[in-house]
Amino acid sequence: MGSITPISLHGGSPFFEVAEYRGRWFLRDGYHRAYTLLRANVFHLPAVIIYARTLAELGPIGQWFFAEEVLFGPTPPRIIDFLDDQLTIEYTRRRMLKTIRVTMEESFAPATPILSAGDLL
């Protein structure tokens, strides 16, 4: 019988996403990986480069991103800042739950023909 793949999932790019916006470079995706790699003294990796024309293309997501005034201020945040204990604080926040919704879509395609033992000879 032919192979059936009932679920197809995609988890995003394996590369870092780096965006240039208004003359500055930003890490759009991969903050946790960047932090871990910086701690391991890894400084060069492949990345997808994006030239953003608007703040929306840069990809800020509401309260989870710094305000534009902070990003373009005299001392914008950098990933390496989080390696300095004097620049970081620890605090307790409400537990957040991430929800991933999967929708089902029905489609039809021609099936792969089933081969009999005689077809293999």
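Atoms considered below: every heavy atom in the structure, side chains included; atoms not considered: hydrogens, waters and symmetry mates.
- Between the side chain of Glu69 and the main chain of Phe72, no donor-acceptor pair closer than 3.5 Å is present.
- Proximity of a side-chain donor or acceptor of Arg22 to a complementary backbone N or O of Leu55 within less than 3.5 Å is not detected.
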- [ ] Would you check, one step at a time, whether the test side chain to side chain contact (heavy atoms under 4.5 Å, CB included) holds for Tyr21 with Arg28?
- [x] CA-CA 11 Å; Tyr21 175 62; Arg28 276 183 26 134; over 6 Å; no
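- Of all the heavy atoms in Val18 and Ala47, the pair that sits closest is CG2-CB, 3.8 Å.
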- [ ] Take Ile50 and Glu57, measure what side chain to side chain contact (heavy atoms under 4.5 Å, CB included) needs, and give me the verdict at the end.
- [x] CA-CA 9 Å; Ile50 297 159; Glu57 287 180 2; 5.9 Å; no
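- Listed here is the closest heavy atom pair of Ala52 and Leu58: CB-N, 3.8 Å.
- For Phe43, the CZ atom sits in a packed shell: over 12 heavy atoms of surrounding residues, nucleotides or ligands are nearer than 6.0 Å.
- Residues passing the side chain to side chain donor-acceptor pair (under 3.5 Å) test with Arg39, sequence neighbours excluded: Tyr35.
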- [ ] Go through the steps for Trp25 and Ile49 under the test side chain to side chain contact (heavy atoms under 4.5 Å, CB included), then give the verdict.
- [x] CA-CA 10 Å; Trp25 290 92; Ile49 305 295; 3.8 Å; yes
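- The minimum heavy-atom distance between Pro76 and Arg24, with the atom names listed, is CG-NH1, 3.5 Å.
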Open item on the list: Is there a side chain to side chain contact (heavy atoms under 4.5 Å, CB included) between Phe16 and Val48? Walk through the geometry before answering.
Closed with: CA-CA 6 Å; Phe16 287 97; Val48 173; over 6 Å; no
